[in-house]
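Down below is the structure, laid out as structure tokens.
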Amino acid sequence: MIKERYLLAKERIQETMIETTIKEPFNLYFKEMAAFLQQMIVLFEEEKDVDKELSLVWLQDRNQRLFIDILQPSYDKSYANPEVALFKLGDEYGQIFSFLYVELRSLIEAAFEQDLFEMVIRMELFLEIYSAFSYSFEEIEKQPKVEEIKQIIYWFVSDYSEPAMEKRIREQLDPECNFATKIIMTSDLEDVRYLYRFGEYITDNQLKIAKHLNALSEETIQLMAKTYTEGFRMGFILGNKDLSKKKVVNIRYSIGFERVVKQAILNFEEMGLKPTIYRASNSVFYKRGVSKIGYYGAIPNKQYDYDHKEDSALFLDKNYVNRKLEVLKAAYEEQRELANVHAGPACMEIFGEYPFAPVYKKQALSLSNKQQKLSVEFASESGQIVNEYIKGEERSFTIIAFPVPEIGEQFEEIFNEIIKINTLDYKLYEGIQNTIIDTLNQAEQVQILGTNGNKTDLMVSLHPLTNIDNETKFENCVADVNIPVGEVFTSPVLKGTTGTLFVKKVFLGELEYKKLELKFEDGMISDYSCSNFDNEVENRKYIKDNLLFHHDTLPMGEFAIGTNTTAYVMAGKYQIFDKLPILIAEKMGPHFAVGDTCYSHSEDVKVCNPDGKEIVAKDNELSILRKVDIKKAYFNCHTDITIPYDELGQLVAIKKDGSKIPIIEMGRFVLPGCEKLNEPFENLLR
């Protein structure tokens with residue numbers, strides 16, 4: 001039946017190319033999209049024969065043609081650009097057709113994966129809208145009402161949300177969904193043509209990474225893979241969780257690192273885990289803002305992603321949210337057994353790409369206030385459903401990061417430095433961090449003051465201890481789930497956590513924030529600002545959309561002190577502060593997370609530091625509400641914001657009697673027993 005629908009749609013799309021019923025300016029749009037769909041049909045047919053020998057030059061040329069329309073400077077003339085679409089098609093239809101353009105582009109991944117169903121439903125969506133215009137121009141000699149077209153899109157996303165959700169959950173949980181795994185495990189990775197089998201955009205970054213890894217020794221590859229997989233395993237051990245009950249691990253990574261991923265898969269198999277590796281999809285059914293969750297290649301145009309991060313504004317309403325929650329629950333219920341043995345994600349991130357500062361476009365779709373609340377509601381409810389089937393207290397994760405060649409001419413040197421940083425002597429840090437924790441366990445509050453233009457003036461309240469011999473407020477983090485080594489962290493008490501957090505410039509979730517300022521009252525964000533845009537309204541919207549994730553406020557879910565001065569000095573040596581991921585940056589000074597605590601959904605699991613003391617500061621006044629009203633307990637986000645050492649004037653532990661114990665002054669550790677943390681700074685001056 002799907003094949004028959006495909007053949008009918010294919011024939012009808014070809015017919016639209018020569019029809020003249022639809023008048024301008026819409027005729028040109030439909031002709032362009034029909035030509036694109038024909039290109040996708042050809043691609044789908046080409047990819048049926050995966051064994052066909054194709055030259056590297058041919059593959060590169062095809063890859064460029066698939067993405068050229070959203071690359072600069074083409075994007076400035078493309079219907080994918082909301083500014084262009086509204087200029088050419090008018091205010092009523094511009095956003096709709098820009099959305100349609102983007103949704104049809106997800107056919108690229110469907111063609112490579114040979115997913116006929118995904119191909120057909122989008123081809124039919126195009127034809128249904130085309131037919132509405134064709135009929136209207138033919139019968140009443142003008143375009144159809146805009147609400148009619150919106151209804152077509154609404155019922156498309158509503159009707160197909162169930163199969164879309166079923167597919168996504170299956171990809172996350174079932175190792176038999178192995179499109180990417182098969183490429184990784186069966187390809188000759190020394191022949192870089194394999195990169196073009198994924199259907200992702202490939203640039204010099206991916207080619208050079210693959211070639212660089214091919215040039216490394218087997219011993220180095222094994223070291224990289226072992227650091228990654230052992231971090232995952234240790235997360236279960238240190239978190240007091242049983243890995244033997246698990247059978248599946250989700251690997252998320254960026255294309256080019258297949259040689260390391262292949263070894264990691266073999267390592268995980270020795271632990272009894274099979275991989276699921278799913279794509280960071282571009283379809284409106286799956287994407288979440290600008291985040292890339294899954295595997296992905298080069299990002300063709302970050303402004304394009306930013307322009308379409310809230311495309312769901314076209315159809316998001318209460319009924320749609322209820323529908324998605326209903327099908328999410330049904331999909332997990334269908335895969336209950338696999339969900340029960342899912343161990344969690346193992347993430348390999350990249351960094352070093354050119355920093356991206358988005359341009360705000362009023363023409364782009366944007367969630368209304370009501371839709372923002374619905375989005376928050378869906379995130380909360382869906383998080384509870386996921387935790388019901390993949391229990392937080394039974395799963396873990398790990399994250400590691402490596403640079404890409406775009407970081408600069410010293411890429412290979414930086415790459416080698418990162419391998420060293422990822423494999424630092426955790427025993428050394430364990431001891432030093434224990435000294436810091438022993439001091440903080442005596443404190444009731446911590447005061448943080450900025451310097452060198454940093455306006456931070458913040459007081460953080462700490463959890464009380466009833467038995468200082470057996471309990472601790474801070475976790476001693478030594479490179480298990482968060483690689484590299486180097487932090488102690490806690491869930492602060494909200495009451496009394498008050499003041500200003502400020503950073504001159506920071507990159508969070510791929511986006512740049514200039515002069516970011518958050519004000520806290522009793523642990524909750526009470527006000528916020530930045531200087532990205534000239535208009536303060538746009539600045540506040542930018543923060544609310546991308547940092548608060550549409551919440552009116554968020555709590556401070558974590559307070560931590562980063563101790564990896566080696567990473568900080570390395571960043572200074574190569575001048576790559578603005579290119580480091582938060583994973584490394586958070587180890588380079590005190591950091592504060594807004595959103596959920598680090599123990600979200602696993603607060604009741606007993607966790608002890610290496611010295612045997614149990615961590616008791618896992619809840620705050622909001623997360624504890626899970627016991628009476630879970631909807632009020634979680635926010636389903638956690639974003640770390642770091643104050644770098646050179647902007648840190650003072651970090652002081654304050655005891656109950658008011659006496660103070662300095663830990664950091666003017667960016668240097670002054671607490672006795674922490675002297676070795678200053679050695680990288682001293683070596684830099686020699």
Side-chain angles (χ1 to χ4, degrees), residues 433 435-463 473-475 477 486-506 508 513 515-530 547 554-565 568 577 582 585-595 597-598 617 620 638-656 658-671 674 677-678:
Q433 291 175 180
T435 298
I436 297 172
I437 291 173
D438 285 344
T439 300
L440 292 167
N441 281 340
Q442 303 173 47
E444 194 172 67
Q445 292 181 306
V446 175
Q447 184 178 29
I448 305 96
L449 298 173
T451 190
N452 293 329
N454 187 303
K455 299 187 290 184
T456 296
D457 186 351
L458 191 61
M459 194 73 77
V460 176
S461 294
L462 303 181
H463 200 287
K473 304 179 182 187
F474 281 75
E475 180 163 336
C477 186
E487 66 171 308
V488 300
F489 65 86
T490 190
S491 302
V493 174
L494 299 182
K495 185 174 178 58
T497 294
T498 299
T500 299
L501 171 61
F502 181 92
V503 282
K504 293 179 184 177
K505 185 167 74 170
V506 65
L508 305 171
Y513 295 80
K515 295 183 180 178
L516 176 64
E517 185 171 343
L518 303 178
K519 292 186 180 297
F520 290 88
E521 290 183 12
D522 284 333
M524 304 298 295
I525 295 175
S526 59
D527 200 3
Y528 47 86
S529 65
C530 67
L547 183 56
L554 286 175
M556 184 186 291
E558 176 191 5
F559 163 59
I561 301 174
T563 61
N564 200 324
T565 51
Y568 182 84
F577 285 110
I582 191 62
E586 69 176 3
K587 313 295 171 54
M588 301 182 346
H591 68 262
F592 312 80
V594 293
T597 74
C598 295
N620 59 32
H638 179 98
T639 306
D640 294 301
I641 304 167
T642 303
I643 301 176
Y645 294 123
D646 66 309
E647 294 183 28
L648 181 60
Q650 195 174 62
L651 190 150
V652 178
I654 304 176
K655 299 170 73 172
K656 189 174 184 179
S659 60
K660 298 181 178 181
I661 308 174
I663 296 175
I664 301 175
E665 289 185 347
M666 299 309 292
R668 298 295 183 268
F669 285 85
V670 295
L671 183 69
C674 300
L677 296 180
N678 294 326

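Position 1 is the first residue of the sequence, and the numbers go up from there.
- Asn454 contributes a side-chain N or O that, together with a main-chain N or O of Phe502, makes up a donor-acceptor pair within less than 3.5 Å.
- By the 4.5 Å heavy-atom criterion applied to side chains, Thr497 and Phe559 are not counted as neighbours.
- Here the straight-line distance linking atom NZ of Lys505 with atom CG of Leu516 works out to 13.5 Å at 0.5 Å rounding.
- Between the side chain of His591 and the main chain of Glu586, a donor-acceptor pair closer than 3.5 Å is present.
- The salt bridge (Lys or Arg N to Asp or Glu O under 4.0 Å) check on Glu517 picks up Lys455, Lys519, with sequence neighbours excluded.
- At least one side-chain heavy atom of Val594 sits under 4.5 Å from a side-chain heavy atom of Phe520.
- Heavy-atom minimum distance, Asn441 versus Lys473: OD1-N, 2.9 Å.
- Contact record, Thr451 with Met666: OG1-CE, 3.7 Å, taken as the closest heavy-atom pair.
- Here the side chain of Gln433 pairs a donor or acceptor atom with the backbone of Glu487 at under 3.5 angstrom.
- Atom-to-atom distance recorded for Thr498:OG1 and Lys495:NZ is 8.5 Å, nearest 0.5 angstrom.
- Thr456 contributes atom OG1, which lies 10.5 Å from atom NZ of Lys504 (distance to the nearest 0.5 angstrom).
- Shortest non-hydrogen contact noted between Pro590 and Leu651 is CB-CD1, 3.8 Å.
- For the residue pair Ile654 and Met459, the shortest heavy atom distance occurs at CD1-SD, 3.8 Å.
- Taking CZ of Arg668 as the reference point, atom SG of Cys674 lies at 14.0 Å (rounded to 0.5 Å).
- Not one N or O on the side chain of Glu558 forms a donor-acceptor pair closer than 3.5 Å with the backbone of Phe489.
- Using cut-offs of 30° and 60° for the angle between ring planes, the Tyr568 and Phe577 rings count as tilted.
- The structure places CG of Leu458 at 7.5 Å from CD1 of Ile643, a figure rounded to the nearest 0.5 Å.
- The shortest non-hydrogen separation linking Leu462 to Leu440 is CD1-O, 3.8 Å.
- The side-chain heavy atoms of His638 and Cys598, taken from C-beta on, include a pair separated by under 4.5 Å.
- Two residues are said to be in side-chain contact when any heavy atoms from C-beta on lie closer than 4.5 Å; Leu671 and Ile661 meet this criterion.
- Within a 6.0 Å sphere centred on NZ of Lys515, other residues, nucleotides and ligands contribute 12 heavy atoms or fewer.
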Item to check | side-chain contact (heavy atoms from CB on, under 4.5 Å) assessment of Ile641 paired with Leu518 | outcome: CA-CA 10 Å; Ile641 304 167; Leu518 303 178; 3.6 Å; yes

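- Residues Ile448 and Leu648 share a closest heavy-atom pair of CG2-CD1, 3.7 Å.
- A search for side-chain hydrogen bond (donor to acceptor under 3.5 Å, both in side chains) contacts involving Asp457 returns nothing, not counting sequence neighbours.
- Partners of Asp522 under the salt bridge (Lys or Arg N to Asp or Glu O under 4.0 Å) rule, at least two apart in sequence or in another chain, do not exist in this structure.
- Side-chain contact between Val446 and Ile561 is absent, with no heavy-atom pair separated by less than 4.5 Å.
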Item to check | Audit row: Phe669, Ile436, side-chain contact (heavy atoms from CB on, under 4.5 Å) steps and yes/no | outcome: CA-CA 10 Å; Phe669 285 85; Ile436 297 172; 4.1 Å; yes

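- Proximity of a side-chain donor or acceptor of Asn620 to a complementary backbone N or O of Thr597 within less than 3.5 Å is not detected.
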